[in-house]
**Q** 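Here it is: the structure, laid out below.
The basis for the numbers below is simple: all heavy atoms, side chains too, and nothing from hydrogens, waters or symmetry mates.
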Amino acid sequence: DDEGGAYQATRHLIDLGHRNIGILSGPTHWPSNRRRVQGYSRALAEAGLSCPTIYEDRTTIESGQEAFAQLLKQSPDITAVCAVNDSMAIGAIRAAQAIGLSVPGDLSVVGFDDIDWAKLNHPPLTTVNIPKWQMGAEAARRLMAILADPDLAPTDLIISVRLVERASTAAL
């Protein structure tokens, strides 16, 4: 549930009192990025806030650093960042720390995916956990069903995600 997870992440920041929240996204042609930006944007719109969005061609730590630098130039009063994945979020944290910003003291950051590095980062990253094992099991079940009946109609299955609160976010 890319959109729902991004919505949860953004609501978390809004509930902490943040009003200047930027979004770091990857390529717009990736459906997951589009859905995640939609979730962020929906939460911000419901709160009456606008969202500066920075798009990058990649979703890496380095592109997260570059995107955060662009975001800060565009919106120097930013207090929180949502990233479409944990690598970009970690890049934003590194870029913020490199210029003397404290995370979460000066800037709260939320990622998406809950990769292994998320909990090992300094500070540990608040992120949206995707149940990867369950996704694999569902994909295997669907593949077995298609093998048994190749004429099965396509289906959409949305698997719930959950926000994992760690130390990269704080109240204003």
Side-chain angles (χ1 to χ4, degrees), residues 1-28 30 32-130 161-172:
D1 186 5
D2 289 317
E3 184 177 351
Y7 179 87
Q8 284 179 50
T10 308
R11 281 300 325 170
H12 170 69
L13 293 170
I14 292 167
D15 292 346
L16 290 173
H18 293 278
R19 297 295 174 263
N20 298 310
I21 303 168
I23 301 166
L24 307 182
S25 179
T28 58
W30 291 3
S32 62
N33 285 339
R34 283 196 310 271
R35 289 188 300 267
R36 291 174 188 184
V37 170
Q38 287 170 346
Y40 295 129
S41 299
R42 181 168 56 94
L44 290 169
E46 286 177 5
L49 305 172
S50 61
C51 60
T53 306
I54 304 296
Y55 293 96
E56 286 289 325
D57 292 335
R58 301 166 292 126
T59 56
T60 63
I61 290 173
E62 293 78 19
S63 67
Q65 291 171 310
E66 294 163 8
F68 178 73
Q70 290 177 43
L71 178 64
L72 203 54
K73 281 183 191 173
Q74 180 181 333
S75 302
D77 58 344
I78 210 84
T79 65
V81 171
C82 293
V84 294
N85 73 6
D86 291 342
S87 294
M88 289 189 85
I90 290 168
I93 289 171
R94 288 183 182 177
Q97 291 171 334
I99 60 171
L101 294 176
S102 167
V103 176
D106 300 316
L107 180 75
S108 286
V109 180
V110 177
F112 206 110
D113 293 332
D114 199 16
I115 62 173
D116 290 337
W117 287 8
K119 61 183 161 237
L120 302 175
N121 193 61
H122 180 71
L125 182 64
T126 296
T127 185
V128 176
N129 175 274
I130 296 174
V161 297
R162 67 180 175 83
L163 183 69
V164 178
E165 294 181 45
R166 294 194 180 109
S168 66
T169 58
L172 273 183

**Q** Could you measure the distance from the CG atom of L163 to the OG1 atom of T127? Nearest 0.5 Å is fine.
**A** 8.0 Å
**Q** Can you check whether R19 reaches I14 side chain to side chain, under 4.5 Å on heavy atoms?
**A** yes
**Q** Give the minimum heavy-atom separation between A6 and Y40, together with the two atoms involved.
**A**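 Nearest pair, atom of A6 first, then Y40: O-CD2, 3.4 Å.
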**Q** After noting the C-alpha distance and the side-chain angles of L172 and L16, does the key distance pass the side-chain contact (heavy atoms from CB on, under 4.5 Å) rule?
**A** CA-CA 6 Å; L172 273 183; L16 290 173; over 6 Å; no
**Q** Answer yes or no: is there a side-chain heavy-atom contact under 4.5 Å between L125 and K119?
**A** no
**Q** List the steps, then state whether side-chain contact (heavy atoms from CB on, under 4.5 Å) holds for W30 with T59.
**A** CA-CA 11 Å; W30 291 3; T59 56; 3.6 Å; yes
**Q** Are D2 and S32 linked by a side-chain donor-acceptor pair shorter than 3.5 Å?
**A** no
**Q** Between atom CD of Q70 and atom CD of E56, what is the distance when rounded to the nearest 0.5 Å?
**A**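 Nearest 0.5 Å value for the CD-CD distance: 5.0 Å.
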**Q** Only one of R42, R35, R34 forms a salt bridge (charged side-chain N to carboxylate O under 4.0 Å, His left out) with E3, so which one is it?
**A** R42
**Q** Verify side-chain contact (heavy atoms from CB on, under 4.5 Å) between I54 and Q74, making sure each step is shown before the conclusion.
**A** CA-CA 9 Å; I54 304 296; Q74 180 181 333; 3.2 Å; yes
**Q** Any side-chain heavy-atom pair from F68 and V81 closer than 4.5 angstrom?
**A** yes
**Q** Residues in side-chain hydrogen bond (donor to acceptor under 3.5 Å, both in side chains) with E66, at least two apart?
**A**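 Here the qualifying residues are R58.
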**Q** Working to the nearest 0.5 angstrom, can you tell me the gap between R11 CZ and L44 CG?
**A**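 Reported to 0.5 Å precision, the distance equals 9.0 Å.
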**Q** Test side-chain contact (heavy atoms from CB on, under 4.5 Å) on Q8 and V161 and set out the steps.
**A** CA-CA 9 Å; Q8 284 179 50; V161 297; 4.1 Å; yes
**Q** Rounded to the nearest 0.5 Å, how far does CG of L24 lie from CG of N85?
**A** 9.5 Å
**Q** Considering the options I23, I78, I21, which one meets the side-chain contact (heavy atoms from CB on, under 4.5 Å) requirement together with P52?
**A** I78
**Q** Enter the distance from N121:CG to D116:CG here, rounded to the nearest 0.5 Å.
**A**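 Going from CG on N121 over to CG on D116, the span is 12.5 Å.
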**Q** T126 and H12: side-chain donor and acceptor closer than 3.5 Å?
**A**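 Result is no, nothing qualifies.
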**Q** Judged by modelled atom types alone, do E46 and Y7 share a side-chain donor-acceptor pair under 3.5 Å?
**A**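 Judged by distance alone, the side chains do pair up.
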**Q** When the side chains of residues 87-114 are checked against the rest of the protein, which donor-acceptor pairs come out under 3.5 Å, sequence neighbours left out?
**A**
from: Q97; atom 1: NE2; to: H122; atom 2: O; distance (Å): 3.2
from: S102; atom 1: OG; to: G105; atom 2: N; distance (Å): 3.4
from: D106; atom 1: OD2; to: S102; atom 2: N; distance (Å): 2.8
from: S108; atom 1: OG; to: H18; atom 2: NE2; distance (Å): 3.2
from: S108; atom 1: OG; to: A170; atom 2: N; distance (Å): 2.9
from: S108; atom 1: OG; to: A170; atom 2: O; distance (Å): 3.3
from: D113; atom 1: OD1; to: R36; atom 2: NH1; distance (Å): 3.4
from: D113; atom 1: OD1; to: R36; atom 2: NH2; distance (Å): 3.3
from: D114; atom 1: OD1; to: R166; atom 2: NH1; distance (Å): 3.0
from: D114; atom 1: OD1; to: R166; atom 2: NH2; distance (Å): 3.0
from: D114; atom 1: OD2; to: N129; atom 2: ND2; distance (Å): 2.8

**Q** Can you tell me how far apart OG (S63) and CG (D57) are? Round to the nearest 0.5 Å.
**A** 9.0 Å
